[in-house]
Amino acid sequence: MCCMGLPPIDLAVFHSEGYVRKQCRITDLWFWSTDATRDTCGDTSEDEYTFIGKPLIQGFAMRGKALKDAMREAFLTFFEQVEHTRIEPYPVLARWRDDIHLTIASIADFQPHVTSGDVEPPANPLTISQPCIRLTDVDAVGRSGRHLTTFEMMAHHAFNRPNDGKLYYWMEECVQYCHELMTSTFGIPAGEITYVENPWCGGGNAGAAVEVIVGGLELATLVFMNMEEHPDGDIELKGDRYREMPLQIIDTGYGLERFCWAAAGTPTIYEAIYPETVAWLKDLSGFSTISSQWPELNLDALLGEMSRLNGIMNIEPGVDAVELRSIFLRRLAERGISVTSEQFTAITEPLAKIYAIPDHLHALSHMLGDGLVPSNSKAGYLARMLARRTLRLRDDLGIQVPLAELAQHHIAVNLDGQSMKQTHDGLLGILELEEERYGEMIRKGGNVIVTQLKGLAKDADTVPDETLFHLNDSHGLAPDMVVALGQNAGWTNLQIRTGFAAEMAERHALIAKQAAQAVEQKPLVETIPQLPSTVALYYEDVQQREFDASVLAVRPLVGEDVPEGATHAVILDKSCFYPEGGGQEGDYGLLSTDSKHLEVLDTRKVGGHILHLVCGTFETGDLVHGSIDWNRRKQLMDHHTAVHIVGGAARRVLGPHIYQAGANKSVESGRLDITHFNRLSRSDLDAIESIANEVLGQVQRTEKTELNRKDADKKYGFDLYQGGAPKGNSIRILRIADHDIQACGGTHHDEPGQIGSIRIVRSAAVQDGVERLHIVAGQAALNYARKQDELLRKASDVYGIPTHDLPKTTERFYAEWKEQRKTIEQLEAEIVRLRTSGGGSDSSEIDGVRIVIMEVTGDLKKMTKMLKELTLDANQPTLAVLGSREGGGKLMIAVTEDTVASERYDAVALLRTIAPHIKGGGGGRPTLAQGGGSYPEGLDEALSAARSEVGL
RNA sequence: GGGCGUUUAGCUCAGUUGGAAGAGUGCUUGGUUUGCAACCAAGAUGUCGUGGGUUCAAAUCCCACAACGUCCA
């Protein structure tokens with residue numbers, strides 16, 4: 001993280017408050033402290049937490065939600081008093097971004113468009129308390145005493161543009177605000193604060209930064225982001241080159257929960273922010289009875305020391321648990337806390353789980369509250385992972401409370417009054433479903449484990465690594481679950497090999513790294529010269545079909561993804577050809593001059609230019625007349641507007657979590673992918689379809705407006721970006737009454753009624769948590785209906801019945817077919833019996849073995865049935881040779897097992913001798929051989945060869 | 001977005017090297033029992049997910065599709 005090479009941060013505020021600049025003897029970082037003798041920066045392996053049992057922030061006696069609320073309010077109020085505008089937090093699902101799923105910091109709200117300078121911030125300067133979720137340290141939550149997956153980042157931001165004379169404040173004022181907040185609002189003595197200079201870089205940006213350390217805990221970071229990565233940059237940091245950027249951003253982050261902890265002085269952060277849930281879970285899990293076994297043990301002292309130790313020990317992930325325990329025991333003993341290994345385990349293990357649960361519930365409630373649907377990919381997977389972790393923690397603790405009930409309790413206590421997009425019942429319903437699916441996984445897992453372990457000796461003590469990897473990756477069974485379930489199933493000595501967890505994590509990291517290598521796509525044309533952007537006529541009038549324009553450039557096509565026959569891209573000064581985008585396919589049509597007509601095979605967009613893909617060229621400066629294939633365009637518009645209407649209808653029928661996960665509109669049909677936690681039934685589809693068609697009649701006109709992003713966000717929120725995050729500052733918004741409002745660059749009908757009708761043909765699961773609706777509208781709907789009719793007609797014509805009798809008749813035919821097939825099999829067997837039992841020419845006997853050599857009809861399957869009749873009766877030792885002329889000739893030979901017949905005859909050897917007569921081969925077991933050939937005419941010879949072979 | 005797995009009787013699942021589709025449970029009938037549970041005996045139930053391919057022969061090998069599940073980004 002550290003990038004050296006920046007000048008010292010020497011501010012007047014430091015000097016006036018009595019701070020001196022020193023270098024840390026452990027980290028080498030420069031820091032400011034009022035204590036001239038201090039030689040560590042405050043955040044090192046030698047700086048212990050000093051606030052545990054001795055709160056450093058005064059005046060906040062409450063705990064839990066009340067503490068967080070008070071702390072947040074104090075922070076925001078302070079910055080409002082110094083001219084910052086308070087803004088509402090953004091969702092934890094970062095739907096305005098396509099590079100991250102979750103909001104990981106307050107600055108994430110303003111990336112990438114505000115931080116790049118393209119979009120105005122909602123206020124400037126501003127203050128916010130942004131709920132964030134980071135899952136990278138999920139393993140440490142509960143164990144370390146301080147890690148959280150979900151936290152609020154309190155912040156003050158300023159976006160300066162010194163070139164435009166817009167300078168709000170920079171380092172000096174920023175640190176001054178911070179210092180005043182810490183010392184006056186929160187009453188922290190200046191001597192307890194160290195300001196550490198530690199430059200920051202990440203995500204293509206960099207800048208000087210100051211960490212604010214209080215009592216060994218980093219409470220805040222102040223970043224002065226003023227550089228961006230650039231190959232020609234004149235500042236080198238950590239091997240990358242940076243240059244100054246026009247925007248200079250104050251990016252701060254104050255950890256709300258850490259402030260709460262420093263104010264409460266509790267042994268761990270969890271007791272400060274989730275005291276009710278922790279107490280409840282202790283109760284439910286019977287923790288108090290465990291800890292009361294040892295009345296001589298001071299639990300608070302133990303936990304406090306644990307947190308202090310955790311704070312200074314940088315525990316690498318994957319450190320062996322046994323080793324870690326011995327380190328802790330040794331160091332606790334050094335501090336005068338005597339605890340046995342048994343006591344340590346009995347107390348810390350359940351407690352770590354109790355602490356993690358409210359944290360996970362908090363993150364989960366935020367995510368689901370924002371309308372996320374759990375699934376097995378993308379952001380949904382993160383929610384499922386948290387839900388399953390919580391369930392396992394709960395099960396490990398032996399708590400028998402449904403997940404939904406835990407969440408309900410958590411929300412009532414910790415998230416009261418929080419506005420959520422998802423309904424309360426919807427959220428609990430999703431959790432019930434998740435618990436059901438988890439239970440199902442465990443149940444199936446038991447079977448899978450037994451099957452996988454079958455080859456393993458019952459007294460084995462380890463499971464092969466490959467088996468553990470496989471069970472984890474393919475069946476979701478974590479190694480410790482495998483061991484536990486395996487022990488129940490009889491492998492009582494099983495244990496997890498030391499160091500296995502770390503190896504599995506490494507292996508996953510390696511796989512992820514390999515997968516990260518992106519495939520670069522070749523551009524459509526080599527270069528586009530400096531030209532004005534093409535004027536898009538289709539926005540002014542979606543009905544316009546013809547236009548005149550002049551040719552600005554013609555470029556040969558080089559990309560691979562071009563329509564067949566297209567050789568060149570024509571760029572015009574204006575066009576009403578819609579280029580492929582937003583899931584809507586490009587227009588086709590014609591470009592012509594007086595002497596030349598070129599068919600437009602597809603239309604694309606590169607930058608601000610519309611590329612008409614044609615076979616042939618024009619001269620630059622030619623005046624062309626363009627006309628679009630209107631039937632195609634009309635159909636594409638039908639589907640596009642219909643997709644929006646169906647999306648709105650689905651939201652009304654299924655709930656607020658319905659979000660567009662993708663869409664495509666072609667001439668044949670429209671496709672809409674929506675997020676939902678269950679498969680859709682036909683009656684769901686019917687309900688959506690009905691509402692969609694009602695909208696066609698009710699909404700007279702669609703409303704198309706263009707807003708800048710700041711106003712669009714404010715007016716409509718982030719549901720606008722269902723079709724993906726748009727790039728520019730200007731956003732086109734399509735509003736279909738209150739039914740559906742989206743940012744969309746496609747072409748849409750002014751009057752929805754022009755679509756005619758909408759049919760939802762079917763739904764398919766494109767991935768877990770995402771349903772794909774296939775939609776036909778307008779002419780395509782009519783075509784679809786006709787095609788369906790035709791299918792029905794053709795099917796019923798086969799039977800010669802009216803179409804409404806089709807289901808009944810088909811059912812009857814199928815039942816009869818099954819029955820008759822059975823009868824035929826029985827009859828065939830009967831024929832064989834008759835031909836062989838009567839002692840006819842097909843059957844004879846040699847020394848107590850019945851010999852049956854005969855030609856039959858049928859394939860190998862039927863012949864097998866016949867052979868069964870002949871050779872399965874041990875009381876009648878038999879050698880049977882059957883031949884058929886089907887499919888090039890088939891031969892099958894069987895002898896009754898474990899009888900004199902099988903002793904005397906070898907079916908495979910006999911087959912090999914006679915098969916050449918039908919020019920074939922085959923094989924099998926000594927009691928059953930089968931083969932085939934390519935010369936059915938030789939069957940008679942083959943059978944007589946068999947006769948002479950056995951001596952008939 | 002990438003990886004992996006599963007799909008066989010109503011249900012839960014076996015099926016080894018490609019060579020005669022199985023078990024447990026449930027079901028039907030009969031027996032035993034005061035009744036239930038249990039037990040004994042006999043029996044029925046299969047588009048081996050769908051569609052192609054390889055092969056004399058495919059539940060098994062290959063390809064595509066579908067449904068379901070799972071790990072990771």
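Reminder, nothing fancy here: chain letters follow the sequence lines and each chain counts from 1.
Within residues 463-472 of chain A, the residues that have a heavy atom under 4.0 Å from RNA chain B are, in order of number, A:H470, A:N472.
Between A:G933 and A:R437, the residue anchored nearer the 5' end of RNA chain B, judged by the nucleotide with its closest heavy atom, is A:G933. RNA chain B is contacted by both A:T451 and A:T871; A:T451 maps to the nucleotide lying nearer its 5′ end (nearest heavy atom per residue).
If you take atom C1' in B:A9 and the same atom in B:U70, they sit 27 Å apart, rounded to whole Å. Annotation: B:C62 and B:G69 have their C1' atoms spaced 24 Å apart (nearest Å). Nucleotides B:A23 and B:U45 are separated by 15 Å at their C1' atoms, to the nearest Å. Atom C1' of B:G52 sits at a distance of 23 Å from the matching atom of B:G5, rounded to the whole Å. Rounded to whole Å, the P atom of B:U32 lies 23 Å from the corresponding atom of B:U25. Comparing B:G19 with B:G1, their C1' atoms sit 43 Å apart, to the nearest whole Å. Taking atom P in both B:A20 and B:C48, the straight-line distance is 16 Å, to the nearest Å. Separating the P atom of B:U60 from that of B:U8 is a span of 13 Å, rounded to the nearest Å.
Rounded to whole Å, atom C1' of B:A57 lies 11 Å from atom CG of A:L928. A straight line from CD1 of A:I918 to C1' of B:A57 spans 12 Å, rounded to a whole angstrom. One interatomic measurement links the two molecules: CD1 of A:I449 to C1' of B:U6, which rounds to 16 Å at whole-angstrom precision. One atom, CZ of A:R388, and another, C1' of B:U70, lie 8 Å apart when rounded to the nearest Å.
Ranking B:U12, B:U70, B:G5 by closeness to the A:R384 side chain, first place goes to B:U70. With B:A20, B:U70, B:U12 as the candidates, the nucleotide lying closest to the side chain of A:E897 is B:A20. Distance from the side chain of A:Q930 is smallest to B:A57 among B:U70, B:A57, B:C4. Side chain of A:N376, nearest nucleotide from B:U70, B:A20, B:A73: B:U70. Here the side chain of A:T864 is nearest to one of B:G1, B:C4, B:A21, namely B:A21.
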Dot-bracket encoding of pairs in RNA chain B, which uses [ ] for pseudoknotted crossings and | for another strand, Watson-Crick or G-U under 3.5 angstrom: (((((((..((((.....[..)))).(((((.......))))).....(((((..]....)))))))))))).
Worked check of salt bridge (Lys or Arg N to Asp or Glu O under 4.0 Å) between A:E436 and A:R443: CA-CA 11 Å; A:E436 243 172 65; A:R443 195 189 58 73; over 6 Å; no
Residue pair A:E790, A:K794: steps toward the salt bridge (Lys or Arg N to Asp or Glu O under 4.0 Å) verdict: CA-CA 6 Å; A:E790 192 188 327; A:K794 276 186 176 165; 3.3 Å; yes
Check against salt bridge (Lys or Arg N to Asp or Glu O under 4.0 Å), A:D473 and A:R507: CA-CA 11 Å; A:D473 287 3; A:R507 189 170 151 140; 5.3 Å; no
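A salt bridge links A:E771 with A:R679: the distance from a Lys NZ or Arg NE/NH1/NH2 to an Asp or Glu carboxylate oxygen falls below 4.0 Å. No salt bridge links A:D396 with A:R389; every basic N to acidic carboxylate O contact stays at or beyond 4.0 Å. A salt bridge between A:D370 and A:R95 is absent, with no side-chain N of the basic residue lying under 4.0 Å from a carboxylate O of the acidic one.
Contact annotation: A:K818 reaches the phosphate of B:U47 (side-chain N/O to OP1 or OP2, under 4.0 Å). A close approach under 4.0 Å does occur between a side-chain nitrogen or oxygen of A:N447 and OP1 or OP2 of B:C13. Of the side-chain N and O atoms in A:R507, none sit less than 4.0 angstrom from OP1 or OP2 of B:C71.
No engagement by A:G920 is indicated, since no non-hydrogen atom pair under 4.0 Å with the nucleic acid exists. Base engagement by A:Y814 is indicated by at least one non-hydrogen atom pair under 4.0 Å involving a base atom.
Taking the six-membered ring for Trp, A:F718 and A:W96 have ring centres closer than 6.0 Å.
A heavy-atom distance below 4.5 Å is found between the side chains of A:P374 and A:I430.
Between A:L135 atom CG and A:D139 atom CG the span is 10.5 Å, to the nearest 0.5 Å. Rounding to the nearest 0.5 Å gives a distance of 4.0 Å between NE2 of A:H774 and CZ of A:R762.
For A:T913 and A:E949, the side-chain atoms include no donor-acceptor pair closer than 3.5 Å. Residues A:D686 and A:S683 have side chains that never bring a donor and an acceptor to within less than 3.5 angstrom of each other. When only modelled atom types and interatomic distance are considered, A:D359 and A:H147 share no side-chain donor-acceptor pair under 3.5 Å.
Residue-to-nucleotide contacts include no donor-acceptor pair under 3.5 Å from the side chain of A:D473 to the base of B:U70.
A cation-pi arrangement is absent between A:R759 and A:Y784, since the terminal nitrogen or guanidinium carbon is not both under 6.0 Å from the aromatic centre and inside a 45° cone about the axis.
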Atom pairs under 3.5 Å, N or O on each side, protein against nucleotides 65-68 of chain B: can you list them with distances?
from, atom 1, to, atom 2, distance (Å)
B:A67, OP1, A:A765, N, 3.4
B:A67, O3', A:R679, NH1, 3.0
B:C68, OP1, A:R679, NH1, 2.4
B:C68, OP2, A:R679, NH1, 3.4

